[in-house]
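Atom set for the values below is all heavy atoms of this structure, side chains included, hydrogens, waters and symmetry mates excluded.
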Amino acid sequence: MTAATAPSAAPARTEPGRRLLPELARAAFGPVICAVVLIGLLSAWVASGGAGTLSRVRLQVSLAAVPMRAFTPRAAASVGPATTFLTIRNLSGTPDELVAVRSPIARHVVLTVRNALAGPRVIVGDLAIPAHGTLTLSPFGDDVVLQDPAPFEISSSVPLILTFRHAGTVTIEATVTAPGTP
């Protein structure tokens with residue numbers, strides 16, 4: 001018999017699935033090690049303060065009033081915008097800003113500042129509330145002005161939706177008071 005006619009050796013046969021588990025373990029080893037190292041590095045970064053700190057901004061509205069524009073709805077309609085009295089305390093160590101106010105009774109609500117008692121109102125985009133400080137709003141200084149409000153003088157309160165840069169949105173009911181009073 002020559003080498004060309006010699007019976008060929010059959011290839012080694014393995015059972016299907018017998019080597020599957022070791023192959024899967026070997027394929028998953030690299031990504032699992034990378035994930036463990038990455039989690040360890042991120043944990044060390046957070047523990048060292050590299051990720052910053054989260055501080056919850058807590059605000060308290062202790063006075064909320066919208067004075068009547070006049071004693072009768074007919075007279076109030078001729079007056080125009082309505083002003084507010086608000087006292088907002090920041091109970092946290094993080095400063096915040098009042099960035100918007102909405103009310104279902106007003107077509108438009110603006111934030112204003114006044115540099116002098118008789119000075120003109122200047123519309124601003126936000127009003128700062130210092131850390132552990134108070135923002136006092138009144139018709140005589142910084143204020144929230146309700147432009148073109150619907151008649152509210154016969155109501156007991158006016159809903160105001162206050163939006164803060166960090167604290168989010170707070171809905172309050174401002175008491176309707178006699179003209180010019182908080």
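From L98, atom CG reaches atom CG of D142 across 10.0 Å, with rounding to the nearest 0.5 Å. S92 OG to H166 NE2: the interatomic distance, rounded to the nearest 0.5 Å, is 9.5 Å. We find the CE-OG distance between M68 and S155 to be 10.0 Å, quoted to the nearest 0.5 Å. L86 contributes atom CG, which lies 4.5 Å from atom OG1 of T84 (distance to the nearest 0.5 angstrom).
Here the closest non-hydrogen pair linking A128 and L135 is O-CD1, 3.8 Å. Smallest separation of non-hydrogen atoms from L111 and G125: CD1-O, 3.8 Å. Closest approach of F164 and V99 over heavy atoms only: C-CG2, 4.2 Å. Closest non-hydrogen pair, E23 versus R26, comes out as OE1-NH2, 2.9 Å. Between A65 and T177, the shortest heavy-atom contact is CB-CG2, 3.9 Å. Closest approach of D126 and R165 over heavy atoms only: OD2-NH2, 3.5 Å.
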Applying side-chain contact (heavy atoms from CB on, under 4.5 Å), run through L137 and L127 and close with a yes or a no.
CA-CA 10 Å; L137 303 175; L127 295 169; 3.6 Å; yes
From CA spacing to verdict: side chain to side chain donor-acceptor pair (under 3.5 Å), S138, D143
CA-CA 5 Å; S138 77; D143 197 12; over 6 Å; no
Using the rule given for side-chain contact (heavy atoms from CB on, under 4.5 Å), can you reason through L162 versus T169, listing the C-alpha separation, both sets of side-chain angles and the distance that settles it, and then say yes or no?
CA-CA 6 Å; L162 310 174; T169 301; over 6 Å; no
Verdict with reasoning, T134 to T87, per side-chain contact (heavy atoms from CB on, under 4.5 Å)
CA-CA 7 Å; T134 301; T87 301; 3.6 Å; yes
Evaluate the side-chain contact (heavy atoms from CB on, under 4.5 Å) criterion for residues V158 and S103: first the C-alpha distance (whole Å), next the side-chain angles of each, then the deciding distance (0.1 Å), finally the verdict.
CA-CA 8 Å; V158 170; S103 179; 3.7 Å; yes
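The number of heavy atoms from other shown groups lying within 6.0 Å of CG (L24) is above 12.
Proximity of L146 to R107: side-chain heavy atoms (C-beta onward) are nowhere separated by under 4.5 Å. Residues V101 and T163 have side chains not in contact (no heavy-atom distance under 4.5 Å, counting atoms from C-beta outward). Within the 4.5 Å cutoff, the side chain of F152 has heavy atoms near those of the V66 side chain. Between V122 and T112, the closest side-chain pair of non-hydrogen atoms is not below 4.5 Å. The side-chain heavy atoms of P159 and I172, taken from C-beta on, include no pair separated by under 4.5 Å. Under the 4.5 Å side-chain criterion, counting only non-hydrogen atoms from C-beta, F85 is not in contact with T136. Contact of the H108 side chain with the D148 side chain is not registered, since no non-hydrogen atoms from C-beta on lie closer than 4.5 Å. Contact of the V145 side chain with the R121 side chain is registered, since non-hydrogen atoms from C-beta on lie closer than 4.5 Å.
A donor-acceptor pair under 3.5 Å links the side-chain atoms of R114 to the main chain of P139, judged by distance alone. Between the side chain of R69 and the backbone N or O of P81 there is no donor-acceptor pair closer than 3.5 Å. When atom types are taken as modelled, the side chain of N90 and the backbone of T94 share a donor-acceptor pair closer than 3.5 angstrom.
With hydrophobic clusters built from ILVMFWY side chains whose heavy atoms lie under 4.5 angstrom apart, V124 shares a cluster with L160.
With V144 as the partner, the side-chain contact (heavy atoms from CB on, under 4.5 Å) test is satisfied by one option alone out of V110, V109, T83: V109.
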